[in-house]
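Contents: one structure, followed by commentary.
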Amino acid sequence: MSADGTYYPSYAWVGAPAVYNGTGGDGGDSAVENLNQWFSPGDQAYIIVSSCMVLLMIPGLGFLYSGLARRKSALSMIWACMASFSIIVFQWYFWGYSLAFSSSATNGFIGDLKHFGLLNTLGVPSPGSPLIPELLYSFYQLQFCATTAAIVMGAVAERGRLIPALVFIFFWATLVYCPIACWAWNINGWGYKYGVLDYAGGGPVEIGSGLSALAYSMVLGKRQEKMMLNFRPHNVSLITLGTILLWFGWLGFNGGSAFGANLRAVMACWNSCLAAMFGSITWCLLDYRLARKWSMVGWCSGCISGLVAATPASGFITPWASVILGVVTGIVANFSTKIKFWIRIDDSMDVFAEHGVAGMVGLLFNAFFAADYIIGLDGVNTGIINGGWLNHNYKQLYIQVAYILAATGYAFVMSAILALIINYIPGLHLRASEEAELLGMDDDQLGEFAYDYVEVRRDYLAWTPAKDEPEKTESNISPQDRHGIPLHSEMINGQSPDRENEHTNGNSHTGVMGDRHGVAAEDELKEKHCLPGANGGQA
């Protein structure tokens with residue numbers, strides 16, 4: 001602002017603050033010139049901070065999954081998410097970024113190795129936006145791939161071996177995530193050229209994770225049904241903590257996808273919060289109709305599904321459309337949690353419903369509600385990218401549908417093939433043994449525990465009344481008495497968990513609240529097909 005009170009813009013033209021002069025393959029020689037001259041420090045600072053925010057989503061997913069699992073497998077879910085990050089950092093540095101974003105490849109499907117090991121990745125304006133350099137862009141996109149991989153790791157819950165899952169994640173990132181990211185965001189990707197509107201990852205992140213987790217769960221197989229007698233999320237506080245970390249990181253995920261500190265970033269944050277909160281309200285109301293009680297897990301599920309739907313849409317659609325998006329996604333994702341029972345795949349963390357289906361809803365909303373004036377808020381795409389039906393661009397609907405179908409089919413089929421191949425490699429069998437599932441993944445895979453108590457009675461003295469002078473005798477406890485759940489004790493003695501139990505059909509009330517949707521959906525199917533075991537039906 002000048003002395004007379006007149007406001008002057010920092011720069012009034014459309015595009016980057018300085019026009020890049022094309023010097024050198026890396027943006028110039030940083031030993032003799034300032035490569036930062038082409039970029040705004042504010043934009044770079046914002047994307048660095050956004051990258052760190054997105055990184056927090058990975059432990060957030062670990063806490064979320066840990067809380068949703070039982071305590072005997074709680075720590076393994078946190079370890080799985082964090083270990084997947086270790087694998088993806090190597091994969092993205094090694095060849096992941098190049099396969100997804102190399103602009104020299106023209107096949108439209110996957111990139112080449114021009115940026116292998118971050119070669120030729122420094123001060124050139126990024127392929128995503130001229131507002132930031134490519135080195136920063138590659139680091140930001142690393143967090144996207146890592147978060148998606150952590151979402152997929154939810155499929156291993158309570159019965160999957162960890163090392164085979166990490167082998168899967170490396171090849172999954174290479175053969176599933178990188179191609180779909182190339183389709184949508186690479187300037188030579190077929191989806192990009194086709195006119196697909198995918199702001200922050202409805203295809204590579206949400207559909208990619210949802211369908212890949214579903215495929216992995218299919219190959220892995222269902223958890224032992226008789227071990228699900230007392231199943232319920234073991235720690236709702238951890239679920240809530242994980243959700244809040246995810247929400248915080250998502251503002252960097254969606255806000256940062258404007259690739260600069262601009263109005264489009266602010267709009268994306270607004271739209272993300274609107275969709276998340278209306279999604280949570282809707283989910284809670286739907287759950288209330290079943291239990292006549294309010295559910296914290298329901299709030300978290302609705303919040304996450306709304307944020308997922310906002311991922312492809314928050315930088316394209318209007319705020320009022322985000323309100324509708326949250327409500328619609330809350331309804332669709334809530335009822336989609338029943339699909340796993342129809343198709344008989346144990347998607348234990350509901351990754352397909354809350355990520356895959358919600359991502360599809362967000363992509364479809366772009367066809368109807370994307371607006372050119374929202375897109376132009378970044379000052380780079382002003383007047384370049386058209387909206388959807390609001391701008392009378394009616395063909396956008398079939399473009400979005402084609403992209404959804406392609407990403408869905410490719411992610412599921414390729415992930416299933418990868419999982420099957422790895423499963424048959426000696427030493428890389430995906431599923432843990434029945435005994436390991438009984439003990440819990442913490443005991444079998446880690447040898448560490450989330451808490452200072454576990455299901456297994458390791459110390460007999462911990463189960464006896466305290467005494468002033470503990471007896472100086474060695475405590476022994478028979479194997480069949482190590483579990484509080486009688487069926488588990490029977491399994492220790494060699495009895496099959498599939499043996500019919502005369503006291504329960506596996507769905508009866510056990511004194512604790514389990515998966516309300518799961519029990520209701522399973523009973524409904526059994527009653528429809530006149531199968532034994534439905535509550536109130538033939539036992």
Side-chain angles (χ1 to χ4, degrees), residues 7-17 19 40 42-43 46-47 50 125-132 184-185 187 191-203 250-279 306-329 359 361-401 403-404:
Y7 284 92
Y8 294 100
S10 55
Y11 65 98
W13 56 88
V14 174
V19 180
S40 166
D43 290 338
Y46 176 62
I47 302 305
S50 293
S126 76
S129 172
L131 296 178
I132 60 173
W185 295 326
I187 59 174
Y192 185 91
K193 290 184 174 180
Y194 192 38
V196 167
L197 296 180
D198 188 353
Y199 176 66
W250 234 303
L251 296 180
F253 203 98
N254 292 349
S257 290
F259 302 115
N262 51 57
L263 284 173
R264 194 181 187 191
V266 180
M267 181 62 73
C269 290
W270 252 115
N271 285 340
S272 298
C273 287
L274 286 170
M277 292 302 93
F278 277 89
L307 288 166
V308 167
T311 297
S314 58
F316 288 123
I317 67 175
T318 62
W320 58 265
S322 293
V323 173
I324 303 173
L325 177 62
V327 174
V328 171
T329 304
V361 174
L363 285 167
L364 285 175
F365 261 63
N366 285 343
F368 298 110
F369 301 109
D372 54 3
Y373 75 91
I374 300 292
I375 301 169
L377 287 173
D378 60 5
V380 173
N381 293 296
T382 306
I384 298 176
I385 300 177
N386 199 5
W389 284 23
L390 290 182
N391 293 118
H392 309 291
N393 180 24
Y394 301 110
K395 68 178 183 179
Q396 194 64 45
L397 179 59
Y398 70 74
I399 292 174
Q400 297 297 106
V401 170
Y403 174 62
I404 290 170

Quiz item: Please walk me through it: do F316 and N271 pass side-chain contact (heavy atoms from CB on, under 4.5 Å)?
Solution: CA-CA 9 Å; F316 288 123; N271 285 340; over 6 Å; no
Self-check item: Separation of D43 CG from N262 CG (nearest 0.5 Å)
Solution: 6.5 Å
Quiz item: Is a side-chain N or O of S126 found less than 3.5 angstrom from the main chain of S129, in a donor-acceptor match?
Solution: yes
Quiz item: Going through the distances and angles, do L364 and I404 end up as a side-chain contact (heavy atoms from CB on, under 4.5 Å)?
Solution: CA-CA 9 Å; L364 285 175; I404 290 170; 3.8 Å; yes
Exercise. Report the distance from atom CD1 of I317 to atom CG of L390, rounding to the nearest 0.5 Å.
Key: 9.5 Å
Quiz item: Can you name the closest pair of heavy atoms from A261 and Y46 and give their distance?
Solution: N-CD2, 3.8 Å
Quiz prompt | Interatomic spacing from OG in S50 to CG in L251 - rounded to 0.5 Å | solution = 9.0 Å
Practice problem: Would you name the heavy atoms of A275 and L325 that are closest together and state the gap between them? | Solution: CB-CD2, 4.4 Å
Practice problem: Apply side-chain contact (heavy atoms from CB on, under 4.5 Å) to L197 and I385, showing your working. | Solution: CA-CA 9 Å; L197 296 180; I385 300 177; 3.9 Å; yes
Quiz item: What class does the angle between the rings of F368 and W389 fall in, given that below 30° is parallel, 30 to 60° is tilted and above 60° is perpendicular?
Solution: perpendicular
Quiz item: How far apart are the closest heavy atoms of S272 and N254, and which atoms are they?
Solution: OG-ND2, 2.8 Å
Self-check item: Nearest heavy atoms of P130 and P125, plus distance in Å
Solution: CA-CB, 4.0 Å
Exercise. Mind checking the CD1-OG spacing from I132 to S40? Nearest 0.5 Å is all I need.
Key: 11.5 Å
Quiz item: Are side-chain heavy atoms of F365 and V328 found at a separation under 4.5 Å?
Solution: yes
Quiz item: How would you list all residue pairs meeting salt bridge (charged side-chain N to carboxylate O under 4.0 Å, His left out) that involve residues 252-267, not counting sequence neighbours?
Solution: R264-D378
Exercise. Give me the one residue out of I384, N381, T382, N386 that meets side-chain contact (heavy atoms from CB on, under 4.5 Å) with I375.
Key: N381
Quiz item: Is it true that atom NZ of K395 has more than 12 heavy atoms of other residues, nucleotides or ligands lying nearer than 6.0 Å?
Solution: no
Exercise. Look up atom CG in D372 and atom CG in N391, then write down how far apart they are to the nearest 0.5 Å.
Key: 3.5 Å
Self-check item: Under 3.5 Å: donor-acceptor pair, side chain of D198, backbone of G203
Solution: yes
Quiz item: Hey, what do you get for CG (N366) to OG (S314), rounding to the nearest 0.5 Å?
Solution: 9.0 Å
Quiz item: Do you know which two heavy atoms are closest between Y199 and W185, and how far apart they sit?
Solution: O-NE1, 3.9 Å
Self-check item: For A265 against A258, the heavy-atom pair lying closest together
Solution: N-CB, 3.5 Å
Quiz item: Is there a donor-acceptor contact under 3.5 Å from the side chain of Q396 to the main chain of G195?
Solution: yes
Exercise. Go through the steps to decide whether T318 and I374 satisfy the test side-chain contact (heavy atoms from CB on, under 4.5 Å), and finish with yes or no.
Key: CA-CA 7 Å; T318 62; I374 300 292; 4.3 Å; yes
